[in-house]
Amino acid sequence: MKVITTKNEMKALSDSFHQRDEHIAFVPTMGNLHPGHMQLVEKAETLAPKTIASIFVNPLQFGQNEDLDSYPRTMERDQQLLELGDVDILFSPTREEIYPDETSNKEVIEFPGLSDVLCGASRPGHFSGVAVVVKHLFETVQPDVAVFGEKDYQQVLVIKKLVQEYKLPVEIVTVPTQRETDGLAMSSRNGYLSEQERQTAPLLYQTLCQARDQVKAKAGCFSAIEQQASEVLTKAGFKPDYFSIRHADDLSEPNEGETRLVILAAAWLGKPRLIDNILI
Ligand code: AMP
């Protein structure tokens with residue numbers, strides 16, 4: 001596996017792949033890789049002859065009081081995993097490489113109604129940071145297809161919107177959320193959980209499953225189901241941020257009886273804020 005740290009070198013190599021008509025599948029990450037990430041890599045490998053992964057802890061998507069400095073960085077181990085996973089190229093640029101000056105640090109890409117609701121409401125600027133970095137990465141890596149996890153459901157919709165609005169020539173493919181055996185969605189931030197919190201954490205997914213069953217059985221209006229779920233989480237020690245039944249395509253608030261739905265939840269459990277979702 002070749003490791004590239006500069007945009008110029010990455011771009012030149014991608015250019016050479018395109019000249020030879022070798023398609024590129026791309027998996028952007030922030031590192032601290034777990035089997036969920038590796039599932040994206042596996043998917044990418046089925047989609048194109050060249051697989052490129054990136055590791056970049058993107059400062060623009062962290063709020064002022066968030067965990068940018070303490071975010072787990074495990075580059076050596078990540079490299080080994082990607083190597084074992086047959087990735088062709090790892091692109092791991094420095095902050096200066098992606099954001100060389102003040103102006104690039106201040107770029108904003110918002111999609112009102114999509115990037116400012118749910119996680120976007122509690123983490124102002126987060127999805128703008130995601131959109132800005134993904135646009136930079138796409139322009140540098142020039143993938144034909146990019147793979148993202150459904151665990152970050154809102155992020156997927158923001159990226160699809162980014163591709164549409166900026167007419168970026170890349171197809172977005174998604175992979176279902178990979179879970180621990182007890183149902184907890186795998187996440188780099190699960191490492192922040194204490195032993196006791198780790199035992200409680202699967203309740204987030206269990207509550208989503210229950211809410212899905214209630215929606216399917218029409219057992220109550222959406223707001224009653226949401227409220228009941230939040231209460232269950234609160235009683236167990238979570239601090240729910242939101243538990244929300246939304247339209248699956250654009251996260252708008254659905255009318256009762258609508259069927260293309262997703263239920264999304266975010267809740268603090270000790271230090272980490274866990275997110276998860278379930279499609280109906
Ligand atoms: P991150 O490193 O957290 O920015 O995640 C990089 C990519 O991995 C994103 O597309 C995430 O949605 C995806 N991802 C993270 N956790 C999981 C998971 N448990 N299952 C599937 N994809 C995931």
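Worth knowing before you read on, the calculation uses all heavy atoms, side chains too, and leaves out hydrogens, waters and symmetry mates.
- The side-chain heavy atoms of C221 and E256, taken from C-beta on, include a pair separated by under 4.5 Å.
- Between I55 and M75, some side-chain heavy-atom pair lies under the 4.5 Å cut-off.
- If you take CZ on R123 and CG on D241, they are separated by 10.0 Å, rounding to the nearest 0.5 Å.
- Between D101 and K106 no salt bridge is recorded (no basic side-chain N to carboxylate O distance below 4.0 Å).
- Taking the side chain as every heavy atom from C-beta outward, V215 and L261 approach each other to under 4.5 Å.
- The same ILVMFWY cluster, assembled from side-chain heavy atoms under 4.5 Å apart, contains both V117 and L279.
- Here H23 and F17 keep their ring centres 6.0 angstrom or further from each other.
- Here the CG atom belonging to L81 is positioned 5.0 Å from the CZ atom belonging to R77, to the nearest 0.5 angstrom.
- Residues I109 and V130 form no side-chain contact, since every pair of their non-hydrogen atoms from C-beta on lies 4.5 Å or further apart.
- With a 4.5 Å cut-off on side-chain heavy atoms, F127 and E110 do not count as touching.
- In this structure, P59 and R95 have side chains that are in contact, with non-hydrogen atoms separated by less than 4.5 Å.
- The side-chain heavy atoms of T6 and M10, taken from C-beta on, include no pair separated by under 4.5 Å.
- We find the CZ-CD1 distance between F138 and I172 to be 4.0 Å, quoted to the nearest 0.5 Å.
- Using modelled atom types, one side-chain atom of S14 and one backbone atom of V141 make a donor-acceptor pair closer than 3.5 Å.
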For this session: Please report the C-alpha distance between D67 and R189 in whole Å, then the side-chain angles of each, then the deciding distance to 0.1 Å, and finally whether the salt bridge (charged side-chain N to carboxylate O under 4.0 Å, His left out) criterion is met.
Result: CA-CA 10 Å; D67 56 344; R189 289 186 170 107; 2.9 Å; yes

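- Under the 3.5 Å distance criterion, with hydrogens and angles disregarded, a donor-acceptor pair is assigned to the side chains of Q214 and Q228.
- Using a cut-off of 4.0 Å between Lys/Arg side-chain N and Asp/Glu carboxylate O, D15 and R20 are scored as not salt-bridged.
- No side-chain N or O of H18 forms a donor-acceptor pair with one of Q142 less than 3.5 Å apart.
- Defined by atom type and a distance below 3.5 Å, a donor-acceptor pair is present between the side-chain atoms of Q227 and E231.
- In this structure, F62 and Y71 have perpendicular ring planes: the angle between them is above 60°, well past the 30° mark.
- In the model, N58 has a side-chain atom that pairs as donor or acceptor with a side-chain atom of Y99 under 3.5 Å.
- The distance from atom CG of D86 to atom CG of L84, rounded to the nearest 0.5 Å, is 8.5 Å.
- Considering NZ of K50 and OG of S16, their distance stands at 8.5 Å, rounded to 0.5 Å.
- A salt bridge does not link E66 with R273: every distance from a Lys NZ or Arg NE/NH1/NH2 to an Asp or Glu carboxylate oxygen is 4.0 Å or more.
- Here the side chain of D116 pairs a donor or acceptor atom with the backbone of G113 at under 3.5 angstrom.
- A donor-acceptor contact shorter than 3.5 Å links the side chain of T29 to the backbone of S54.
- Counting heavy atoms from C-beta outward, L203 and F238 have side chains that approach closer than 4.5 Å.
- Ionic pairing of K2 and D88 is not present here: no N-O contact between side-chain nitrogen and carboxylate oxygen is shorter than 4.0 angstrom.
- When all heavy atoms of I278 and Y205 are compared, the closest pair comes out as CD1-CE1, 4.1 Å.
- Using a 3.5 Å distance cut-off with no hydrogens or angles, the side chains of T177 and E150 do not pair a donor with an acceptor.
- Under the 4.5 Å side-chain heavy-atom criterion for ILVMFWY residues, no single connected hydrophobic cluster contains both Y192 and M186.
- Put simply, the side chain of E83 gets close to the backbone of M1: a donor and an acceptor are under 3.5 Å apart.
- The backbone N or O of A265 lies less than 3.5 Å from no partner atom in the side chain of D276, so there is not a single donor-acceptor pair.
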